[in-house]
Amino acid sequence: MMTRSLRFNYEKLQTLGFTYSIIPALKRLYKDADKETRVRAMERHLEFYNSQVNTGALIMGVTAALEEKTQEHEKEAGVSVKAGLMGPFAGLGDSLLKFTWLPICGSIGAAFAFQGNILGPILMFLMFNAVNIGTRYYFIHYGYNKGVDLIEQSKKSNIIQRITNMA
């Protein structure tokens, strides 16, 4: 079963990237566990995954927190949470970063470049990546630190439904 999951294909999309990225957290969490438990932990994250990269960092942080704070029989719930978050967060991340922030940065950079100023592409690169890298760093730490609390708060405030509507 595992060899089929590890092939690169369009069925699983970003699954391998997510799994590879969460391996350091899994190694730390399961360092004293037996091999079978570690294998099950990795296989849990070889299920379908596809989201926007920046907001996906928030999903990864929440998933790592759920891995740490749940019992073995509750681990599948973490996979369900990951699956539930990837759609709304993908739409939100694409809308705000790829379809709004990137064109703004590109327009500013192009305006400078059309005037012959070399600062245009440099400014565009710096502006976009300040937000791009900053959101990834912030979201993964925020998701991990808030983890389970974030899920509980979202049930009470209906935030996931509002994010889905915004996206």
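Here CG of L96 is found 12.0 Å from NZ of K98. Values are rounded to the nearest 0.5 Å. Atom CG of L29 is separated from atom CD of E67 by 7.0 Å, given to the nearest 0.5 angstrom. The CZ atom of R38 sits 11.0 Å away from the CD atom of E36 when rounded to the nearest 0.5 Å. L97 contributes atom CG, which lies 7.5 Å from atom OG1 of T55 (distance to the nearest 0.5 angstrom). A distance of 9.5 Å separates CZ in R44 from NZ in K82, rounded to the nearest 0.5 Å. The CG atom of L92 lies 10.0 Å from the CG atom of L58; values are rounded to the nearest 0.5 Å.
A pairwise comparison of heavy atoms in S21 and G17 identifies OG-O, 2.8 Å as the closest pair.
Cluster membership for Y138 and V62, using ILVMFWY side-chain heavy atoms within less than 4.5 angstrom, is shared. Neither W101 nor Y137 shares a network with the other; the hydrophobic side chains, linked directly or stepwise wherever heavy atoms of I, L, V, M, F, W or Y lie under 4.5 Å apart, form separate groups for each. Tracing side-chain contacts under 4.5 Å through hydrophobic residues (I, L, V, M, F, W, Y), one reaches I140 starting from M86; they form part of the same cluster. Taking hydrophobic clusters as Ile, Leu, Val, Met, Phe, Trp and Tyr residues chained together by side-chain heavy-atom distances below 4.5 Å, I23 shares a cluster with M60. Follow the hydrophobic side-chain contacts under 4.5 Å out from I108 and you never reach L119; the two are in separate clusters.
Under the 3.5 Å distance criterion, the side-chain polar atoms of R136 are left unmatched by any main-chain donor or acceptor of V53. A donor-acceptor contact shorter than 3.5 Å links the side chain of Q52 to the backbone of N54. One N or O on the side chain of T135 and one on the backbone of V131 form a donor-acceptor pair closer than 3.5 Å. When atom types are taken as modelled, the side chain of N132 and the backbone of F128 share no donor-acceptor pair closer than 3.5 angstrom. Checked by atom type and distance alone, the side chain of S51 never pairs as donor or acceptor with a backbone atom of G56 at under 3.5 Å. Under the 3.5 Å distance criterion, the side-chain polar atoms of T15 are left unmatched by any main-chain donor or acceptor of L46.
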Determine, stepwise, if the pair L66 / V81 fulfils side-chain contact (heavy atoms from CB on, under 4.5 Å).
-> CA-CA 9 Å; L66 290 172; V81 167; 3.9 Å; yes
For side-chain contact (heavy atoms from CB on, under 4.5 Å), just list the numbers for F125 and N129, CA-CA rounded to whole Å, side-chain angles, deciding distance to a tenth of an Å, and then say yes or no.
-> CA-CA 6 Å; F125 177 80; N129 280 311; 3.0 Å; yes
Give the C-alpha distance, both sets of side-chain angles, the deciding distance and a yes or no for side-chain contact (heavy atoms from CB on, under 4.5 Å) between Y49 and L13.
-> CA-CA 6 Å; Y49 179 81; L13 298 176; over 6 Å; no
Derivation of the side-chain contact (heavy atoms from CB on, under 4.5 Å) call for T37 and Y30 = CA-CA 8 Å; T37 304; Y30 295 103; 3.9 Å; yes
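Counting heavy atoms of neighbouring residues, nucleotides and ligands inside a 6.0 Å radius, atom NZ of K27 does not exceed 12 of them.
Side-chain contact check for K31 versus L26: every heavy-atom pair is 4.5 Å or farther apart. Considering only heavy atoms from C-beta on, R40 stays 4.5 Å or farther from K75 through its side chain. Using a 4.5 Å cut-off on side-chain heavy atoms (C-beta onward), F112 and M124 make no contact.
The ring-ring contact (aromatic ring centres under 6.0 Å, His included) test applied to F48 returns no partner, not counting sequence neighbours.
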